[in-house]
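Working notes, structure below.
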Amino acid sequence: MKNNVKNIVILISGGGSNMATIVKTAQQEKWDQRYGARVAAVISNKPDAGGLAFAREQGIATAALDHKAFASREAFDAELAATIDRHQPALVVLAGFMRILTPGFVAHYAGRLINIHPSLLPAFTGLHTHQRAIDAGCKFAGVTVHQVTAELDVGPILDQAVVPVLPGDTAETLAARVLTQEHVIFPRAVRALVQAL
Ligand SMILES: Nc1nc2c(c(=O)[nH]1)N[C@@H](CN(C=O)c1ccc(C(=O)N[C@@H](CCC(=O)O)C(=O)O)cc1)CN2
Ligand SMILES: NCC(=O)N[C@@H]1O[C@H](COP(=O)([O-])[O-])[C@@H](O)[C@H]1O
């Protein structure tokens, strides 16, 4: 790492509210001065991801690699890793990043790759977690921050938060309630990791 600066690279696929919360928390809490940590880049597999505009407004380097432009998942992941590595990351953060990553990519970032997942893992790995929780009659739902492993959404859990599932909830109303807790635990988890680096 240049000058002992701990670079954080955040991967997104959409609006990037979790990424934005981490960026704003890092600014407000002066992570650069306190921990030598900074968000060095925001990278997306979707060129039209709304979060890229926010990152650019904050003066953060951005890149977009359209996964559909690559012949294979491995080829996309190789280019993604090359793009990430230009920023010499101490930590790579998946914040609403919607691509399953290959074992080679995961191994390359072993121990410094985390994800936020909108369920109380190990329940409801994969997609459509809120509807599945409602359909299962769950009284509680929530969010998990975990280390990323080759197998999907089963890596070591770093933090969790619980919310109630309320009568009449839809996937959208539950997602909104969970998202408020995502914005609490994700910056907290990233802060804890950069403090320990
Ligand atoms: N190897 C791993 N890759 C990823 C992990 C992981 O734990 N191990 N976490 C996911 C994040 N995620 C849930 O938190 C998740 C993201 C995407 C998918 C998925 O099925 N993606 C499809 C495409 C879906 C779409 O484009 O809407 C795919 O990649 O074919 C499941 C879970 C990030 N990657
Ligand atoms: N499987 C990964 C997944 O579903 N992640 C979810 O995508 C949303 C992204 O929101 P954001 O782009 O506003 O941070 C968040 O709810 C996050 O938990």
TODO: Could you label the plane-to-plane angle of the F97 and F76 rings as parallel, tilted or perpendicular, counting under 30° as parallel and over 60° as perpendicular?
DONE: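 If you compare the ring of F97 with that of F76, the planes turn out parallel.
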Scan side-chain atoms only and decide if [X] and [Y] contain a donor-acceptor pair under the 3.5 Å cut-off.
X	Y	result
H67	N45	yes
D169	H130	no
Q88	N7	no

TODO: Starting from the C-alpha separation in whole Å, work towards a yes-or-no answer on side chain to side chain donor-acceptor pair (under 3.5 Å) for H117 and S119.
DONE: CA-CA 6 Å; H117 179 79; S119 82; 3.1 Å; yes
Presence of salt bridge, [Y] and [X], under 4.0 angstrom:
X	Y	result
D66	K46	no
E29	R34	no
R99	D77	no

Are [X] and [Y] side-chain neighbours, meaning at least one heavy-atom pair lies under 4.5 Å?
X	Y	result
L166	R177	yes
L65	I43	yes
L91	L113	no

TODO: Tell me, with the steps shown, if Q160 and T144 meet side chain to side chain donor-acceptor pair (under 3.5 Å).
DONE: CA-CA 4 Å; Q160 292 187 305; T144 303; 2.8 Å; yes
Open item on the list: Tell me which one of K30, K6, R191, Q195 satisfies side-chain hydrogen bond (donor to acceptor under 3.5 Å, both in side chains) with Y35.
Closed with: Q195
